[in-house]
Amino acid sequence: MAYNGLAINSQGIQTGAGMYLNRTVLKKYKYTKKQRVNVAIHEMGHALGLAHNNGGSISAMNPANRVYALRSCDLRGTKRVYATAATTTKALATAAQPSLTVDHLKDYDNGISGINQLKKTAPVIVEGHITKSVGHHKAPKNYYTTQTLAVDNTFKGKVGSTLTFTQGGTTQMAVTASEILPQHQTIIVMLAKNTHGTYYVINDGQGMFVDTHTSNGHELFDHVSDHAIYTENMLH
């Protein structure tokens, strides 16, 4: 799910808006109708210039919201940013960013969070398509997938035309963190090597992004860790 930005003319007047909801992801992870509405409300809040509330907030602007409908704090925030002409102009200018804006939530405890830090941490960042995907999902600990990738673009580091890497998971995240991918599926992946010389997805699997489709000229990638949506150029 992602918000695509507003169109503002030279006089600062809003002339259009674009909001994108990824139906593929919503369907894949079985969002209910109510949850889809809550996600849409959240993205509309961004379109109005609202930022995220705190991670644990009971609010439509909770960073990972699909649970909460519009709350009084959301209404107060909207009234505050549109209280005067100056705050209204500032809110619309904030909302009018032309590229996708997605916050990455830290869901592991090793201290690495944020897409820019992930990019900085990864020794290798490549884009390619899957040629082989083999799952190793045995309870209680052995959850991982071996992915073989034909490399189409190398954004960071030096690799050959093909490489194989492991995508780790846990008993709690066996599917989302260690997916079996179809052949020819395009992905962007951030990799490092372990002591045995084997490539693995950095940060417990957070460094992997699956191509969904193109919208408004942007190729969109689903983050397998938290299912946020990123454009290709945000990942390298």
Side-chain angles (χ1 to χ4, degrees), residues 1-8 15-26 28 39 42-47 49-52 63-64 92-107 112-131 147 149-163 165 167 176-177 179 181-182 184-192 199-236:
M1 291 67 69
Y3 161 62
N4 281 4
L6 301 180
I8 305 293
T15 58
M19 188 182 76
Y20 166 75
L21 295 180
N22 190 330
R23 292 185 179 182
T24 301
V25 174
L26 294 172
K28 179 177 180 180
V39 170
H42 175 97
E43 302 304 339
M44 289 177 70
H46 286 314
L50 298 182
H52 286 148
L92 289 176
T94 301
Q97 301 302 315
S99 61
L100 300 179
T101 302
V102 183
D103 283 350
H104 178 87
L105 301 179
K106 185 177 73 173
D107 53 1
I112 298 175
S113 64
I115 193 66
N116 288 331
Q117 193 171 359
L118 287 172
K119 290 191 293 185
K120 182 179 179 179
T121 301
V124 171
I125 303 176
V126 296
E127 180 178 6
H129 58 276
I130 295 294
T131 59
Q147 313 279 14
L149 189 72
V151 177
D152 299 319
N153 295 293
T154 301
F155 302 122
K156 186 179 181 182
K158 293 182 179 180
V159 298
S161 59
T162 63
L163 61 84
F165 62 89
Q167 180 195 356
T176 58
E179 294 183 339
L181 297 174
H184 308 298
Q185 172 68 62
T186 297
I187 66 171
I188 290 177
V189 62
M190 302 176 183
L191 301 170
Y199 283 110
Y200 65 92
V201 184
I202 67 166
N203 207 31
D204 294 326
Q206 284 193 16
M208 184 166 160
F209 306 80
V210 178
D211 188 10
T212 58
H213 65 284
T214 301
S215 177
N216 293 336
H218 294 287
E219 197 70 24
L220 302 180
F221 288 80
D222 171 32
H223 190 193
V224 301
S225 176
D226 60 12
H227 308 298
I229 300 296
Y230 295 88
T231 61
E232 182 184 50
N233 61 4
M234 294 170 71
L235 300 176
H236 60 82

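Only a predicted model underlies this, so the values are computations on that prediction, with no experimental measurement involved.
In this structure, I188 and F155 have side chains that are in contact, with non-hydrogen atoms separated by less than 4.5 Å. Between I125 and V189 the shortest side-chain heavy-atom distance does not fall below 4.5 Å. Between V201 and L191 the shortest side-chain heavy-atom distance falls below 4.5 Å. I229 places a side-chain heavy atom less than 4.5 Å from the side chain of D222. Between F221 and H223 the shortest side-chain heavy-atom distance does not fall below 4.5 Å. Proximity of F209 to M234: side-chain heavy atoms (C-beta onward) are nowhere separated by under 4.5 Å. Looking at heavy atoms from C-beta onward, M208 lies in side-chain contact with Q147 at the 4.5 angstrom threshold.
Exactly one of T186, V159, T162, V126 qualifies for a side-chain contact (heavy atoms from CB on, under 4.5 Å) with L149. That residue is V126.
Contact between L118 and I202 at its shortest, heavy atoms only, is O-CD1, 3.5 Å. Nearest approach of A122 to M190, heavy atoms of both residues: CB-CB, 3.6 Å. Contact between Y199 and K158 at its shortest, heavy atoms only, is OH-O, 4.1 Å. In terms of heavy atoms, D211 sits closest to L220 at OD1-O, 3.1 Å.
Between the T131 side chain and the A150 main chain, no donor and acceptor come within less than 3.5 Å of each other.
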